Structures are given as C-alpha cells and as structure tokens.
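The structure that follows is given in the form of structure tokens.
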Amino acid sequence: MEINKNWMRLAIQLSEENIENGGEPFGAVIVKDGQIVATGVNRVRRDTDPTAHAEVTAIRNAARNLHSYDLSGCEIYTSCEPCPMCLAAIYWAKIEVMYYGNTSTDAKMAGFDDSHIYREIILDQQARQLQATRLLPEEALAAFEKWKTLDDRNDF
C-alpha cells in the first residue's frame, strides 16, 4: 500500500467543506487497490446521530459500495486521529492501514475532547462512570446458541 498525500488532502478538504455545510471539522477517505471507494464527513448534528462520525460514515459508505462489511485491504485517511468509537469501527471493519492529520490533543484544543472515554475504557467495569448491570444472561445466551447452529454464519 502506497501513501498518497492527495487522499489525506481530500480528507482535510472534506473536513473544511463540512464546516461550511453546517457540520463538524472531520473528513475521511477509504481507499482500496489504489482507488477511492468511499468518503465520509461528520454528520452528528445534521443527522442527530452521535455515531455519525466521519470515519464511521466512510466505513458505512465503503461497506455499501463494496457490498461487504469486511474492508480488508482498505486504507483510511482521516483528518483527525479517530476517537475510541471510530478506532473500534476501523478494527471491526478490518481496515489494515490508517493515516491521520490532527491528533486527539489538537481535537481537544478545538473543543472535541474524548480523553474521558480513553480513561474509562481501561478501567474495570465496576470502576467506570457508566453503571452497567448484567441482566437476564441465560435468556440472552439463547440468541448466541441459535447463531452457532447456522451453517451460513460468518464468525467475526
């Protein structure tokens, strides 16, 4: 995979254009085999969707365009170091290479602070601010048991 600064420039351009269109300053480009397969911008306020970050939007678009949730062989160019949610989505999508422009510190200085999430993730569940209680585990396991019986399932 070859680094292409023009794809990063496009991610940055998308982030700037998104501000002009009422969005936040984040853009992403996904590339496979030297071709752009999808782009995305932050649409949190526009869509009233807290998960509509640029990377997630680009991943959704790439999966749709490639007709696959497995984005192995893809690279992502993103205008900013991904937040924990986006980083997890990049891993789940099996994107193999990531390039980013701004750092999470740059984002924090611009008013986008996700450091509290990084601090929470490493804590034991009982120590986190988010109260979490396991409920009806026996009933919940039924779906996994059903899943394991399928012949055409894909294990992740």
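Numbers for residues simply follow the sequence, beginning at 1. None of these values were measured; they are calculated from a predicted model.
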Are I59 and I95 packed together at the side-chain level, in the sense that at least one heavy-atom pair is separated by less than 4.5 angstrom?
yes

Do V41 and R46 pass the side chain to side chain contact (heavy atoms under 4.5 Å, CB included) test, and can you show the C-alpha distance, the side-chain angles, and the key distance before you say yes or no?
CA-CA 11 Å; V41 294; R46 188 176 313 142; 4.3 Å; yes

Check whether any side-chain heavy atom of P84 sits under 4.5 Å from a side-chain heavy atom of D114, and report yes or no.
yes

Partner residues of D49 under the salt bridge (charged side-chain N to carboxylate O under 4.0 Å, His left out) criterion, sequence neighbours left out:
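With neighbours one apart ignored, the set is R60.
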
Side-chain heavy-atom pair N4, Y77 within 4.5 angstrom cut-off:
yes

Regarding D106 and T103, is there a side-chain donor-to-acceptor distance under 3.5 Å anywhere?
yes

Quick one: pull up NZ in K32 and CD in E96 and give me the separation to the nearest 0.5 Å.
8.5 Å

Could you walk me through whether W147 and R153 pass side chain to side chain contact (heavy atoms under 4.5 Å, CB included), step by step?
CA-CA 7 Å; W147 171 257; R153 77 172 195 263; 3.3 Å; yes

Determine whether the side chains of S68 and D70 contain a donor N or O and an acceptor N or O closer than 3.5 Å.
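No, no side-chain donor-acceptor pair sits under 3.5 Å.
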
When rounded to the nearest 0.5 Å, the distance separating NZ of K148 from NZ of K146 is 14.5 Å

Taking atom CD of E20 and atom OG of S15, what is their separation to the nearest 0.5 Å?
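Those atoms lie 10.0 Å apart.
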
Is the shortest side-chain heavy-atom distance between P25 and F112 below 4.5 Å?
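Counting from C-beta outward, P25 and F112 do come under 4.5 Å.
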
